[in-house]
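These notes concern the structure reproduced below.
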Amino acid sequence: MKKLILSAAVILGGLSVQAAIPHVKNSNVNSFFFQDEYTEVASDAVPAAVKSTAEKSFPNTKLEKVYKNAKNEYKLEISNGDKKYTIFTDASGNVIKK
């Protein structure tokens, strides 16, 4: 009888160890998005190459707003009716993919 009680105690003890909640370490990943600071400029201050690119790439559109950053990159907001587009160009008028 002693062996039966002792074996039951060992089995129950072994089961309680496996039932314990394992310690899970959570790792946090911080993501940072750096956005170039664009400041609004007057449309007459925009180089002709930039305006030409907007007119050739998007015909029948209207130039709404123009922004410029410290790298001399331009953010153009254009519209065609109710559709609005944002394109990025450099000072030479080359389109930049962002």
Side-chain angles (χ1 to χ4, degrees):
M1 187 73 180
K2 289 182 184 180
K3 290 182 182 182
L4 181 65
I5 294 174
L6 183 61
S7 62
V10 170
I11 291 174
L12 290 176
L15 291 175
S16 66
V17 171
Q18 292 180 354
I21 298 172
H23 178 68
V24 177
K25 183 178 179 183
N26 293 333
S27 62
N28 294 332
V29 177
N30 294 329
S31 299
F32 295 99
F33 295 101
F34 293 101
Q35 181 176 356
D36 294 333
E37 293 290 326
Y38 285 92
T39 56
E40 188 171 356
V41 296
S43 51
D44 59 346
V46 178
V50 174
K51 286 182 182 180
S52 174
T53 298
E55 291 171 358
K56 288 179 184 175
S57 298
F58 297 93
N60 302 325
T61 58
K62 179 182 175 189
L63 187 62
E64 296 288 330
K65 292 184 180 180
V66 181
Y67 302 92
K68 180 181 175 183
N69 67 3
K71 298 177 188 177
N72 284 332
E73 296 174 341
Y74 292 89
K75 176 182 172 182
L76 307 171
E77 291 183 357
I78 57 176
S79 65
N80 184 3
D82 60 343
K83 295 181 182 179
K84 295 191 179 206
Y85 305 99
T86 302
I87 58 172
F88 297 90
T89 65
D90 60 6
S92 301
N94 300 321
V95 176
I96 302 170
K97 294 182 181 179
K98 287 198 176 194

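Quick note: numbers below take in every heavy atom, side chains included, and nothing from hydrogens, waters or symmetry partners. Remember, predicted model here, so these are calculated numbers, not experimental data.
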(message) Quick check against the 3.5 Å criterion: does S57 have a side-chain atom that pairs as donor or acceptor with the backbone of T53?
(response) yes
(request) Determine the minimum heavy-atom distance between A54 and T61, stating which atoms define it. (result) O-OG1, 4.3 Å
(message) Between V41 and V50, is there shared hydrophobic-cluster membership here, with clusters defined by ILVMFWY side-chain heavy atoms closer than 4.5 Å?
(response) yes
(request) Would you confirm whether K51, through its side chain, and S43, through its main-chain N or O, come within 3.5 Å as a donor-acceptor pair? (result) yes
(request) Can you measure from NZ (K68) to CG (L76) and round to the nearest 0.5 angstrom? (result) 12.5 Å
(request) Establish, for the pair K75 and Y67, whether the NZ or CZ atom is under 6.0 angstrom from the six-membered ring centre and no further than 45 degrees off its axis. (result) yes
(request) Report the distance from atom OG of S79 to atom NZ of K62, rounding to the nearest 0.5 Å. (result) 6.5 Å
(message) Between I96 and L63, is there shared hydrophobic-cluster membership here, with clusters defined by ILVMFWY side-chain heavy atoms closer than 4.5 Å?
(response) no
(request) Starting from the C-alpha separation in whole Å, work towards a yes-or-no answer on ring-ring contact (aromatic ring centres under 6.0 Å, His included) for Y85 and F58. (result) CA-CA 9 Å; Y85 305 99; F58 297 93; 5.5 Å; yes
(message) Please give me the minimum heavy-atom distance between Y74 and A45, naming the atom from each residue.
(response) OH-O, 4.4 Å
(message) Please check: side-chain N/O of D90 versus main-chain N/O of G93, any donor-acceptor pairing under 3.5 Å?
(response) yes
(request) Please round to the nearest 0.5 Å and tell me the distance separating atom NZ of K97 and atom CZ of F88. (result) 14.0 Å
(request) Indicate whether any N or O donor in one side chain lies under 3.5 Å from an N or O acceptor in the other, for E77 and T86. (result) no
(message) Can you give me the closest heavy-atom contact between S92 and A49, atom names plus distance?
(response) O-CB, 3.4 Å
(request) Could you state whether V95 and I78 fall into the same hydrophobic cluster, counting links through intermediate Ile, Leu, Val, Met, Phe, Trp or Tyr residues with side-chain heavy atoms under 4.5 angstrom apart? (result) no
(message) Distance check, rounded to the nearest 0.5 Å: N80 atom CG versus E64 atom CD?
(response) 10.5 Å
